[in-house]
There are 2 protein chains.
Amino acid sequence: MKQYEHPPADAFELTAILHALADPYRLSVVRRLAQAQPQPCAPLQAGRPKSSTSHHFMVLRKAGIVRTEVVGTTHMNSLRDAELEARFPGLLATVLKAAAMTPLEACVPAAS
Amino acid sequence: MKQYEHPPADAFELTAILHALADPYRLSVVRRLAQAQPQPCAPLQAGRPKSSTSHHFMVLRKAGIVRTEVVGTTHMNSLRDAELEARFPGLLATVLKAAAMTPLEACVPAAS
DNA sequence: TGTATAGTTCGACTATAATCGAACTATTGA
DNA sequence: TCAATAGTTCGATTATAGTCGAACTATACA
């Protein structure tokens, strides 16, 4: 039962978080997780190959935005919202609110 | 007296703003502008060549974060904070607050 | 002990972005 | 009109990131 490395909250870096959220696909993943947590990767792929999806989840994990728990054969993802809130108060909520001004459907980038 | 193009507030894109703020040098520029507005580019160069500085200001302008007014031979930069606030309430303030958790001196990246 | 499922890792390729010197433009002020 | 100053533009280089197929790992379940 191998698990993932997750940075501790006091190691979160603002620029890494902003960079992770600056990608339209990753932002859409975060928005979907904010609606329903936890979720496996599969329903969030949006047509991408598994390798691309995996890469984006790694970016989100390294930035401290997402926590991934191995549960059986699926990897359940959730937002580290409480830790993010403690480290950078209001940041995630404000970005999600800003993102919500555009419908999610209009934002999910197609795989190339 | 040539002036710059600035996108209207309703054309601001969240991902472009996050991307612009995700760069440590650009974030440091925004922090300095938040402390003192307006300012020319020169005192914000932090050792970079003029061409690099100019590039970063262009990214900030295109994202809608900075407004540049040509005044004589200097180009005065200010934050478009009211417009940003109207478009994405709380976003800039929250990011600035998060950034303030690290001293500005510790964040200004050296030119390579 | 297969076999299917979920997701990772690897390696190659491509695209985007940062960096910088050098030449250029616009304005001021002597 | 000439020199100085502030910043842009250009073009080349390098670095970083995204994309994707193929092979791989780990677990579940028949």
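Each chain gets a letter, A, B and so on, in the order the sequences are listed, and its residues count up from 1.
Residue A:Ser54 is classed as a base contact, given a heavy-atom separation below 4.0 Å to a base.
Between the OH atom of A:Tyr25 and the P atom of D:dC20 there is a distance of 11 Å, rounded to whole Å. Atom-to-atom, CD of B:Gln3 to P of D:dT8 comes out at 12 Å; the value is rounded to the nearest Å. Taking atom CZ of A:Phe57 as the reference point, atom P of C:dA6 lies 14 Å away to the nearest angstrom. We find that CE of A:Met76 is positioned 12 Å from C1' of C:dA6, with the value rounded to whole Å. Going from atom NE2 of B:His75 over to atom C1' of D:dG7 covers 5 Å, rounded to whole Å.
Classification of A:Arg67 and A:Glu83 as a salt-bridged pair holds, one side-chain N sitting under 4.0 Å from a carboxylate O.
The residue among A:His19 and A:Ser51 whose nearest nucleotide of DNA chain D is located toward the 5' end is A:His19.
Proximity of B:Arg61 to the phosphate of D:dG7: no side-chain N or O atom is located under 4.0 Å from OP1 or OP2. A:Arg48 has no side-chain polar atom (N or O) that falls below the 4.0 Å cut-off from OP1 or OP2 of D:dG18. At the phosphate of C:dG7, neither OP1 nor OP2 sits under 4.0 Å from any side-chain N or O atom of A:His55.
Remark: the A:Arg48 side chain and the A:Thr53 side chain contain no N/O donor-acceptor pair separated by less than 3.5 Å.
For B:Tyr4 and B:His75, the distance between ring centers is under 6.0 angstrom.
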